[in-house]
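Both counts, for ligands and for their atoms, begin at 1 and track the order of listing. All values below were derived from every heavy atom in this structure, side-chain atoms included, with hydrogens, water molecules and symmetry-related copies excluded.
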Amino acid sequence: MTDKATLTIGDKSYDLPILKGSTGPDVVDVRKFYGDSDHFTFDPGFTSTASCESKITYIDGDAGILLHRGYPIDQLAEKSSFLEVCHLLLNGELPTAEEATKFEHNITYHTMLHAQFDSFFQGFRRDAHPMAIMTGAVGALSAFYADSLNVDDPKQREISAHRLIAKMPTIAARAFQYSVGRPFVTPRNELSYSENFLRMCFSVPAEDWVPNPVLTRAMDRIFILHADHEQNASTSTVRLAGSSGAHPFACIAAGIACLWGPSHGGANQEALEMLEEIGTVENIPAYVQGVKDKKYKLMGFGHRVYKNFDPRAKVMQKTCYEVLEQLGINDPLLQVAMELEKVALSDPYFIERKLYPNIDFYSGITLRAMGFPTNMFTVLFALARTVGWISQWKEMFEDPARKIGRPRQLYTGATQRDYTPLEKRG
Ligand code: CMC
């Protein structure tokens, strides 16, 4: 097998090394191509470009496979816990019993926020979208935790990573409680990560909060399913922001801002709103026709990488059934979702384009049943994805080949011309 590709432009040929991964497509190394040939490669949307080397997450989109550090996502969702997955993503291995205890302790003892941080929330309007609050609040962490901003110090990088994983649930719960006018709830160290988050979101001072093991497990599983996803838009944003040496809180805030877009994490809110708009099974054919007429997209469907079932969607669907059953909820939107999935999967428009349900299709129904309003859905995604972002950010700093990210362009604007004085224009 060849270990180089040859590209010919006019009468000149250029040899490009081929780099091999442990699995998945090999890559053609074009790093020296511009210097040698005075040509750029052109790939808007990065559909054929590997932007970095990584050992964290592997996706085979045709086969519907997602592995974290080699472990299949369905096994992790079934057998692991979110904090164990955090350790795996950050450090490369599942923790030993001793490491697990230490890691859990580290995260648990970083969940509180500086007392003055709470007054920060009061500056937002009550009806602010919680993602707007998240973007601002996470960026503001650097104003409170300035002792872990030195990105060249591995210890400080680790402390920042632990702080982010630990404090995101506290910030997310405060964004929620603030929007519904309830008092903030202090984290409790004897509770698990997901129990703590649910308690901070749903407990009120007037009565004791009792954990529901099915809901806690569902929350933990939803966090696992969203923990990392290779070089997606928000992760690439975090890496690009970090490549300049920006501190981790700013980089994660940039990732949150990117995630909010409806083509990315914002799709979970939009998918549920779409199901609400469709309303009943009878309205599905007309809605699907609108999709085929390109009036709008079917939210929660399609993926840049998966051209098969999103493996996360299968686990999400199972979790959705479990939660609805536990809560005794007969949500008519589940009927709409199931029928819509059936109609779409048998329609040539979706078959030809390989459009399958993604993780966002069933997550909204589940989260709504658990008591979250739609505008919190993307916040939960951001909370869970924080470990992926910070693991990728950490990996970038450990890579000796790290360089500031600086794409180039195909320029199609005006060529050089002389300035025209105002009186001679038009
Ligand atoms: N509904 C209808 N048509 C679609 C959809 C959809 N959801 N997704 C793609 N298509 C069509 C698209 O119009 C195009 O058709 P044509 O070839 O006739 O022009 C074809 O399929 C290929 O689409 P694309 O836009 O080239 O695909 P992409 O890889 O650029 O987009 C995507 C991927 C996820 C942005 C897109 O599928 C989409 O907008 N889906 C809905 C939003 C959504 O659910 N996003 C969540 C993704 S999973 C969670 C996450 O990563 O954040």
May I have a table of the N/O to N/O pairs between ligand 1 and the protein that fall below 3.5 Å, each row giving the two atom names and the distance to 0.1 Å?
residue	atom	partner	partner atom	Å
ligand 1	1 (N)	L298	N	2.9
ligand 1	3 (N)	Y349	OH	3.1
ligand 1	7 (N)	L298	O	2.7
ligand 1	7 (N)	F301	O	2.9
ligand 1	13 (O)	K294	NZ	3.2
ligand 1	15 (O)	K294	NZ	3.0
ligand 1	15 (O)	R353	NE	3.2
ligand 1	18 (O)	K294	NZ	2.6
ligand 1	18 (O)	R353	NE	3.1
ligand 1	18 (O)	R353	NH2	2.9
ligand 1	19 (O)	K294	NZ	3.4
ligand 1	29 (O)	R304	NE	2.8
ligand 1	30 (O)	R304	NH2	3.0
ligand 1	39 (O)	K297	NZ	3.3
ligand 1	40 (N)	F301	O	3.0
ligand 1	44 (O)	G300	N	2.9
ligand 1	44 (O)	N358	ND2	2.9
ligand 1	45 (N)	S263	O	3.1
ligand 1	52 (O)	H264	O	3.3
ligand 1	52 (O)	H264	ND1	2.6
ligand 1	52 (O)	G265	N	3.4

Applying ring pair (Phe, Tyr, Trp, His ring centres under 6.0 Å), which residue pairs with at least one partner in residues 328-347 are found, sequence neighbours left out?
none
Are F301 and F361 near enough that their ring centres are under 6.0 Å apart?
yes
Between E395 and S54, do the side chains contain an N or O donor and an N or O acceptor separated by less than 3.5 Å?
yes
Which residues pass the ring pair (Phe, Tyr, Trp, His ring centres under 6.0 Å) test with Y34, sequence neighbours left out?
F40
Let me have the donor-acceptor pairs involving side chains of residues 333-345, under 3.5 Å, with sequence neighbours excluded, atom names and distances please.
residue	atom	partner	partner atom	Å
E341	OE1	Y362	OH	2.4

Does K167 qualify as a cation-pi partner of Y145, given the criterion of NZ or CZ under 6.0 Å from the six-membered ring centre and within 45 degrees of its axis?
yes
